[in-house]
Every structure is written in C-alpha cells, then in structure tokens.
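For reference, the structure discussed in these notes is given below.
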Amino acid sequence: MAYNFTAIEKKWQSYWLENKTFAAIEPAEAGNMPKAYVLDMFPYPSGAGLHVGHPEGYTATDIYSRYLRMKGVNVLHPMGWDAFGLPAEQFAIKENVHPNLTTKKNIGNFRRQIQMLGLSYDWDREVDTTDPGYYRWTQWIFLQLFNSYFNPIEKKAMPIAHLLQELANDNFVVAPDGSIHLNPTTEGMEAIAGQRGIARLWRELGPEEQRELLDGQRLAYMDEIAVNWCPGLGTVLSNEEVIDGKSEVGGFAVERRPMRQWMLRITSYADRLIEDLAGLQWPESLKEMQRNWIGRSVGAEVDFDLANAGDESEAITVFTTRPDTLYGATYMVLSPEHPLVDRITTDAQKPSVAQYRAQIAGKSDRERLADAKEKTGVFTGAFAINPVNDEPIPVWIADYVLMGYGTGAIMAVPAHDERDFEFAIKFQLPIRQVVSPNPIVKGAPANPLTPLGRASAEPGYAINSPMIDGLPTEEAKERITAELAVEGVANKCVKYKLRDWLFSRQRYWGEPFPILLDDNGNAHAIDESELPLKLPEISDFKPTGTPQPPLSKATDWLNVARDDKTFTRETNTMPQWAGSCWYYLRYIDPKNSKRFVDPVKERYWMPVDLYVGGVEHAVLHLLYARFWHKVLFDLGHVSTPEPFNKLVNQGLILGEMEYHTAQEPPVKVTEDQVERKGETFALKSDPSVRVKAECFKMSKSRGNVVNPDEIVRDYGADTFRLYEMYLGPLEASKPWNTRDIVGMMRFLNAVWRNFVGDEESNKVARVEVMPVPEGLEKQMHRTIKKVAEDIEGLRFNTAIAELIKLNNEVTGLLAIPRELAENFALMLAPFAPHIAEELWSHLGHTKTLARRPWPTFDPAKLQASTMEIPVQVNGKLRGRITVAADAAEEAILAAAGADPAVKQWTDGKTVRKTLYVPQKLVNFVVG
RNA sequence: GCCCCCGUGGCGGAACGGCAGACGCUACGGACUUAAAAUCCGUUGACUUAACGGUCGUGCGGGUUCGAUUCCCGCCGGGGGCACCA
C-alpha cells in the first residue's frame, strides 16, 4: 500500500467536522457572494444501511458543492432523514421495540456511513422528520392547508377567512353541487345552476349547510371514499402501494372499502402544476411523467336526456374529448357505481344489473384493469336521447367506465374508439362511422355506413354529421360544442386523471393530525400554540386489525375538553410523504422555533439550484412537494412558485454482469469461461452452448448487493467516490464491477507517488519552484478548463479521465513544478477530497483547501507552438502535417498538398475543392 | 397499444457534423523479484500484409453532406414510463 488512506481519511473527516469547514454562510454575513443550494433527496434510514446507489447521487452533489465553494460561491449543502414510515413500524412490531429506538439507531448508522464517504454536508443543519421540533412545522403546514381554500377566480390558495368574507358580502354564490362562483348578479344565477336548483347566496344557507360548504372548500378536507384497505397491515394504502390486489409490503390481501379519510385538494393545482413545468430545468421524460399523471384533457360535457322520463326530465351527463363524434354515439355506458343506475334500470333488467354490480364490487381498481382483456357489461333497459339527432340509444353499465374519471358515464362511439368497438362487437351494438380521414368533396355522395369495421380514432373530417359535415376534427369539436351550448345541453370543460391526495394512514409511526373531532365527526384545528402535537408514547402500537388506528388506544391522549365541550383527537396519522414535502425549507433555518423558516433566509436560498435523486419519486414526492410549495407560495410563506429549479435523476447502479447458458435450465458461468462468437457469447469449452449476459437490479434475494462499508474498508472512500463517478454518465444506469475499482486505486497511488513520494523505498517526490515545461503546461491548462466545464455540466467521468491523463504525463518526471502540484491537488479535491487535502498539506499549507480559489487557465497557454493537422483526401484520412500554431491558411494548405502520404492520393488527379477547418483539418476533394 | 430514452472493442465508456474507440478494466508480452503480490514499460477493433501499408468497421437499410457515431426517413433489438382516463 503506497498510502494509508484509512488514516488520512479519518484525519480529514475529523478536521472538517471540528472546523465546520462546510458550514453555509448565513445571508447576513454573505455579502455579495453568489449562492447555490445543492440538495440531495434525503434517505429513509432503513435497517439495511446505505446502498451503493445512495453514494452515487451524494458524491455527484458533493463534487459540485466543493467545486462551487472553490469558485467563491456560498453553498448550502445539507443532509437529513426521512424517518417516519411503514418499514420502521413493521420492524418494531416484529422485534417488539419502539420505532423511536430503531429509527435513532438506523439514523446513527446512516450518519456514520455518510460521514465515512467524506461528503461535505453542513451537519449543523441535519433534520429528522420524526423529531417533534421538525414535525411541529409539518403539522403547522397542514393547518395552513386546513385553513385555506382554492379561490377559483384568482386560481390560488387563500385563507378560509377570506372566503367567508366574500360569501358574506355576496361576492360569491354557491352552486347546487357546492362549488363557489363569482356572483353573476341575480339574473345570472340560472347560468351556474346544476341539475337540482339554482345557485344560492351564503345567507340563504342554513348553519349546517354553511359549515358543510366551508369544510368542503378546505384544501385539507375529510371525505368518504372507496379506498384500498389492507387488514394485514391495518392501514389504507395508496394505489401505488397495491400490486395485483395485494400489499407491496408483506403481500397481504387488499380490499376496497368506503372510509372517511383526509384528502388534500391537489386537483385544484392541476393546471399550475402542468404550466409551471415549462420553466424548470428537469429531464423532459420526467416532466412528461408528471403531465401524464395529471392527465389533463380538454373536451365537453354533454347532457343526454332519458327517454320516457316523462315527469321530471332527468339527464345523463357524459364527458368526451371528441364531441365531433356525437353522431356516431350509438349507445351509452355508465360506470356500475353510477348513482343513476338504480333509478333508470327497468324492472326486467334489475336482476342482471344487480348481479353484475355485485360481481364488480369486490374488485380493486387494479383487478378491474387486470381483468380488462374481455369486455363485460349489462343493459339497464333504459334509453337516452342523443341530443344531436334525437335518436334513442340504449344505456348499458360496464366496468370499463370508471366512476373516478370524468362524469362516470360515456357516450360510446364504436367506430372511433377501440374500447367501444370491442364492446359493440361483443354485444352486437350498431357502429356508425362519422369521421373520414379524407376531406369530402362538395356534392359527392356521403360515405356509406361502415358495417362492422372500425374506422380510426385519428382526427380527420366529419361525415354523416349534418351539423358539422366536412369540418376538420378540431373545428368540428368547437362548432358542435358551441351549438349545443346554446341549447344548454353541452359545455366545454377540462378533466384530469389526477385525484385528490389520500392523506391519512392507520399507522402509529407518522405525524399526528393537529385536529380535534366533535361529536358529529366534524374537524376543528387545534391552536398553533399547541404544536407540536406529540405522538403519544404508547407501548402497544400494533395495528388493531380494524380501521381503528393504533392511536385510538392512547386513551389518556385521546379525549380533550374545550369550552365545556368534549372532543376526540384525530387518530389517523400522515403518510410518509408529509415530512419530505418541505424538508428543503427547514434546512435553510433548521433551529428556528418561531417559524418553519425565516423569510429573509428563505428568500436568500430559494429556489434549490440543483436537486439530485432517483427517478422513483417522479410523480410522488416531486409532485406532492411542488403542490405544498405552491400552497405556501400562495399564502405568502415562501418566495418562489417552484421549489426545485434544476433536477437530475442519477441512474441506477445495477449488480455485476451475470453470465448464464441459454439452455433450460440456465446454468451460471463465469466471465472467463465465455468467449464472443459472432453476435453472441458461447462457452469456451463448448462453443455450441450459447451464453447470455445480463445485469439485474441489486437485491437481497439475488445476492448481488454491494456493501459500501466493505468497499470503503478495502479501497478507501476516495477510491470509492472516484469509481462510482467514473462508471459512466450520472444519469445512465450502469453495472457495478468490483474488478474495475483497482483502476482508481492505482490512479490515487500514482498521484501519491508523483506528488509525495514512495514511502517504502524512501523516495521523496521533488516538488520545485520552476516553470512548467511547454507540453505539460498546455495539458495543465487544458485540464483546468476541461475539469471545470465537466463539473459544471455534471460530467464527472470525463473530468476524472482528464485528471488521470495529467497525472500520467507527470509520471516519471524527475522534478514536479510546484504550480502544477498545487493546481493538481486543488482540481482533485472535489473528487477525492481526503488525499487532496493531504497533498495540500504536504505542499506546506496549514489550512484546508476547501475554499482556496479554483485554478485559472490561460487560453493562450492551451496552444503549443506547433500543431498537428490531419489531412483528408475525399473525406478519408491520408496524412498528418505539423505546422506552426500561427501558420497562415495558405501555408497550411501548401504543406498539406506537399505531404508525400497525401500526394500519393492526389497525384494525377484534379483537386476540385479544398476545405480547411481552422486548427482542425484539411480535406482535398479530387475527382 | 401509446409515449420517452438508448444500440460504439472482450467489459465500463470517450468523441462542438471534422483523426472513431479518450480514460479505466481485462488479456498478452517484457522489466524488477529467489518467488509471488505490488509497481513500471509496451501491445491490445476486425481482416490482410514479410514490412510500409491497405480494406472494412459505431444495430440494419436508405438519404442529406466534401465529410455522418453525430442530422433526416424507414426497419430491428434493448430499457423505462403510461395503459379501459372516454
């Protein structure tokens, strides 16, 4: 071992901690230093410890942060723990230890592992989402949500008190569906009428209606909805946590059941969450995932009156993105859960409808999707009137229509919708083509009806549609919607796939809601001064096996008397995402006991300039956090509409490449038993046996997990950091290969020998004050330029290659110019900080290099006195010439033409064209 | 099915439309060593040639260009996301 990395790394890690080397400078003291907020996605401190995937992102942001500090930037680079959550609770139940204890222990282990990597965090800013001093503010933000509503005119969150005032002043009116609207003056009340009645003023409502209206407008509200209930885990789960009808954790059965749960009104922000993506420097694919998740579609709601309704005219409202195909609607489908089903089903159809609904009821959404191969459904016996041609069409129910999207009812256009087509074929319903791919010529006969063929869902030109014949799809949509709107049977509208966020869990290990429930189950916020509402220390935190959360067993915590009334505390807890929705704000001011973040500090540091983390949070954490941030922004608590300006997803580090034979059953073989045979691999011993090479995700069950502790013990943190960064581009997924680590180990050993010496042979490197020789000087300036550019572009693999190259050039020199040695140590520092600090101190410096200025390069020095120019003939390389760096174009062309290797290819031919790309190449086109 | 990304040596990967394979690993040869490890030096895309050299080569087929790994069109293969969303 040429250098003792264990001792060196320990020494500098202690130095950095003791001297608080990486403390961010508070805004008041920062003067006019530029700032950078460089953030990692904080980990969930699991019992398994750090995975090699964690250090990849952490090292990347660390290199970037260390570089920026050397460029004179005030850097905020913090780390913390997302420590509430199911795994800690599961473990606690299994081992019968309190989750508080296991969490503390796991955090300790994670902190140790992260510190052993020499990451330059400001440890005075560490946050822990399970600390009451932290979750006090998570609860406070929840209260902001609870005490706010979404103002539909301003399109932003505002205090609920403001709504009350607007209502009291008659500025808003209330539609029958409970939505609020700008007062259109008394005559216009009909315009915002719904199916039952017209809009009303606040004072026309009774006290209970008033309370319901207010509670129904809050951004955090309670609602009775069908949820994924998992008896085995004793909690509801989000759709993402359920796979094939079973819980992702533990594989317990999950059932649908209606429960009253806390919801957050994220759907109000759907438009802004889409619009504001445009200004963010995020991967395009990730923006696309968020857009898909929100799923905005523009279309129209159209009312279909029921035939034979006779007395009360009742209508079925459908949502469609293709109102231009109304003439092709030959039947309708309601979701089996649609409230109208009971009322419209004829007596004759009641048994089959009831049977079908029973069959559907037990299935989760996911099961319904899984069974989607074959269309199912039953006829209700009812008919509706197509408003464009007054044709009666049959009304069916089918599970391919979901109650949760649109209006839970569709008009079926089998000619132009694949699902409707399949359904129509199965139940022999008519199919009518109403869109043609080609414009129709005036006077030409109309296209015949298609018998049983499906046309296309693609836009085209309307046919068989008197109101809009010949119009291209976009125009046809506009026209028909406008015409029907005049008759009051259609209106343009926008729908989203995004659902409101189910925000409560029946778990112990989460933030308690700062909410009291009265005898009627209505929610009342506790006062801010009572925060934090601490999680009670109970000994029995196991799930109850019923929807009763474990906290309901905390009897002396549960009941509260206020103003002569008794209340019960909300016993659900918040989901794991709550704490991670705002942690980046707490880092800015982690010890503030008066506010969640000081506004002056917030304005200085926000937004986050670089956020690095895994793509698995694309539509969960990153969407939730943006939502909370926008609410806080609307309420004036933060200064930016978006939290994370630039975001990068680090790629997955896969397990080592595995080879196995292509036969059944596959037999594992090692790399050296294999050789390439044409396009594929084969066994060396038996070339007829084909071999497949694959890499897999690291997993315990596959046994290919790499433990960072062992790598650091065997090779050192600097080598580990270099290795992970050298693996390939940050964003790419790439396989781990322990064999390759020695390359980085050799590099650092060579650096040590070159700049310090070889302790075993008592050779001391001679670092002398002397001019840098010309060739070396050019490489040095090149390296300074390239490494800086590469760090700024997060291309660490090529930056390291350039450092290796410079070190290779130094190898074998009898004496090393001091200027080069110092520059090298500074440039190496972001990547391999421990050895760099050690080199720096060997060069006679007594303090850390963490804030020494980054070396500057001289563009003039990038040029040596001569340069080599490749010469092509007809685009093929035929020779090279060496010319003076300042040679004129004519001289270069003359030299190129005279080069013997080139002459061979041009002699006897006419040079038709001569191209010279300055400093780059010469190309003669001959013919 | 729809959307996005990617195909370069034995491996990981480099290359503003301008010398394909930087840099690292592996393998091979050599030096040092009693020996091994470590270290150092050299070779390492394929075919061809005694050699100088030549030909081919960035998944496949075409196009644009003096010149294409890079830009365009069409396939094939791999990965990821969404998926009865009306």
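Labels below follow one simple rule: chain letters A, B, ... track the order of the sequence lines, proteins then strands, and each chain is numbered from 1. What you see is a predicted model, and the numbers here were worked out from it, not measured in a lab.
Here the nucleotide nearest the side chain of A:Ile804, chosen from B:A14, B:C23, B:C66, is B:C23. In this structure, the nucleotide among B:G24, B:C11, B:G13 sitting nearest to the side chain of A:Met657 is B:C11. The A:Phe319 side chain lies nearest to B:A86 when the options are B:A86, B:C3, B:G81. In the set B:A86, B:C23, B:C82, B:A86 carries the atom at the smallest distance from any side-chain atom of A:Ser297.
Taking a pair as Watson-Crick or G-U with both hydrogen-bonding distances under 3.5 Å, the stems of three or more pairs touching RNA chain B are B:1-7 with B:76-82, B:10-12 with B:23-25, B:27-31 with B:39-43, B:45-48 with B:53-56, B:59-63 with B:71-75.
When the nearest nucleotides of RNA chain B are assigned to A:Asn874 and A:Val742 by heavy-atom distance, the more 5′-ward of the two goes with A:Val742. Summary of the strand contacts: A:Gln872 and A:Lys786 both lie near RNA chain B, and taking for each the nucleotide with the nearest heavy atom, the more 5' one is attributed to A:Lys786.
Look at A:Lys786 and A:Glu802 and you find no salt bridge, because none of the NZ, NE, NH1 or NH2 atoms lies under 4.0 Å from a carboxylate O. Electrostatic pairing of A:Glu789 and A:Lys785 counts as a salt bridge here, judged by a charged N lying under 4.0 Å from a carboxylate O. The residues A:Glu284 and A:Arg291 are annotated as salt-bridged, a charged nitrogen and a carboxylate oxygen being separated by less than 4.0 angstrom. A:Glu658 has a carboxylate O that lies under 4.0 Å from a charged side-chain N of A:Arg702, or vice versa, which qualifies the two as a salt bridge.
When ring centroids are compared, A:Trp736 and A:Tyr723 come within the 6.0 Å threshold. Taking the ring centroids of A:Phe423 and A:Trp396, they lie under the 6.0 Å cut-off.
Taking 90° from 0 as the syn/anti boundary, the base of B:G9 is oriented syn.
With hydrogens and angles ignored, a donor-acceptor pair closer than 3.5 Å exists between the side chain of A:Asn923 and the base of B:C66.
Enclosure of atom NZ in A:Lys492 is not indicated, since only 12 or fewer non-hydrogen atoms of other residues, nucleotides or ligands lie within 6.0 angstrom.
Contacts with RNA chain B (heavy atom under 4.0 Å) in residues 914-921 of chain A: A:Leu915, A:Val917, A:Lys920, A:Leu921, listed by number.
Taking only side-chain nitrogens and oxygens, A:Arg291 never comes nearer than 4.0 Å to OP1 or OP2 of B:C82. Contact between the side-chain N/O atoms of A:Asn649 and the OP1/OP2 oxygens of B:G80 is not found at any separation under 4.0 Å. Using a 4.0 Å cut-off, some side-chain N or O of A:Asn797 falls inside it from OP1 or OP2 of B:A14. Distances shorter than 4.0 Å separate none of the side-chain N or O atoms of A:Tyr726 from OP1 or OP2 on B:G24. Taking 4.0 angstrom as the limit, A:Arg746 places none of its side-chain polar atoms (N or O) nearer than this to OP1 or OP2 of B:C23. Residue A:Arg753 places at least one side-chain N or O closer than 4.0 Å to OP1 or OP2 of B:C40.
Donor-acceptor pairing under 3.5 Å is recorded for the side chains of A:Asp271 and A:Tyr496. Side-chain atoms of A:Glu656 and A:Thr738 form a donor-acceptor pair, as typed in the model, at a separation below 3.5 Å.
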Protein-nucleotides 53-57 of chain B N/O pairs under 3.5 Å:
{"residue": "B:U55", "atom": "OP2", "partner": "A:Arg878", "partner atom": "NH1", "Å": "3.2"}
{"residue": "B:C56", "atom": "OP2", "partner": "A:Lys876", "partner atom": "NZ", "Å": "3.2"}

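By the 30° and 60° cut-offs, the orientation of the rings of A:Phe824 relative to A:Phe755 is parallel.
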Next item on the list: List the steps and the verdict of side chain to side chain contact (heavy atoms under 4.5 Å, CB included) for A:Ile63 and A:Arg721.
Entry: CA-CA 10 Å; A:Ile63 292 168; A:Arg721 292 166 57 114; 4.2 Å; yes
